[in-house]
Amino acid sequence: QVQLVESGGGSVQPGGSLRLSCAASGFAFGSYSMNWYRQAPGPERDFVGGIGPDSRIINYAASVKGRFTISRDNSKNALYLEMNALKPEDTAVYYCNRDGRTGYWGQGTQVTVSS
């Protein structure tokens, strides 16, 4: 079965950096686009960015463009989110995703940006 397991969250001061990882299993990882979403306190889970199967197409939400970088290593079935210049408004639970809002989700990893 599809499994997505995020790691790398934590607490950081504004302006700091974190790198999130997502370990994927149970499917042919290299054949699928993958996404990152985040959910601050509240009902909405917001799209952060996505990457195509071969990494040639990568897109970002306007709020993170230029600060966050999505990458993947198909040989390791791994998805990454490098986050720089973090702001308090980036505080959220970050989720790895396959197939969009109706697709598969990991359990999430908490990122807290606070002084």
Does the T91 side chain pair with the main chain of V113, one donor and one acceptor, at a distance under 3.5 Å?
yes
When rounded to the nearest 0.5 Å, the distance separating OG of S63 from CD of E89 is 9.0 Å
Carefully, step by step, assess L79 and W36 under the rule side-chain contact (heavy atoms from CB on, under 4.5 Å).
CA-CA 9 Å; L79 177 71; W36 286 99; 3.3 Å; yes
When you measure from the side chain of N97 to the backbone of Y104, do you find a donor-acceptor pair of N or O atoms at a distance under 3.5 Å?
yes
Using modelled atom types and a 3.5 Å cut-off, is there a donor and acceptor pairing between side-chain atoms of R45 and backbone atoms of A40?
no
What's the separation between atom OG1 in T69 and atom CG in N84, rounded to the nearest 0.5 Å?
6.5 Å
If hydrophobic clusters are built from ILVMFWY residues whose side chains come within less than 4.5 Å, do I51 and V5 share one?
no
Under a 4.5 Å cut-off applied to non-hydrogen side-chain atoms, are V12 and T112 in contact?
no
CZ of R101: more than 12 outside heavy atoms within 6.0 angstrom?
yes
For a 4.5 angstrom cut-off between non-hydrogen side-chain atoms, does Y80 reach R72?
no
Answer yes or no: is there a side-chain heavy-atom contact under 4.5 Å between S25 and Q3?
yes
Can you name the nearest heavy-atom pair linking A85 to S17, along with the distance?
N-OG, 4.4 Å
Which distance, rounded to the nearest 0.5 Å, do you find between the SG of C96 and the CG of N35?
8.5 Å
Hey, what do you get for CZ (R67) to CD (E82), rounding to the nearest 0.5 Å?
12.5 Å
Verify whether one side chain among Y94 and R38 offers a donor that lies under 3.5 Å from an acceptor in the other.
yes
Calculate, to the nearest 0.5 Å, the distance between atoms CD and OG belonging to E6 and S21 respectively.
10.0 Å
Cationic tip of R98 above Y32 ring, under 6.0 Å, 45° of axis:
yes
Considering only heavy atoms from C-beta outward, does the side chain of S33 approach that of P53 to under 4.5 Å?
yes
Is there a side-chain contact between N59 and F47 in this structure, where contact means two heavy atoms from C-beta onward sitting under 4.5 Å apart?
yes
A side-chain contact here means heavy atoms from C-beta on lying under 4.5 Å apart; do V111 and L20 qualify?
yes
F68 CZ to L86 CG distance, which is reported to the nearest 0.5 Å:
5.0 Å
Less than 4.5 Å apart, side chain to side chain, heavy atoms only: is that true for W105 and Y37?
yes
If Ile, Leu, Val, Met, Phe, Trp and Tyr residues are connected whenever their side-chain heavy atoms lie under 4.5 Å apart, and connections chain through other members, are I70 and F29 in the same group?
yes
Going by heavy atoms in the side chains, are L4 and M34 under 4.5 Å from each other?
yes
side-chain contact (heavy atoms from CB on, under 4.5 Å) evaluation trace for Y60 with V48:
CA-CA 6 Å; Y60 299 94; V48 173; 5.7 Å; no
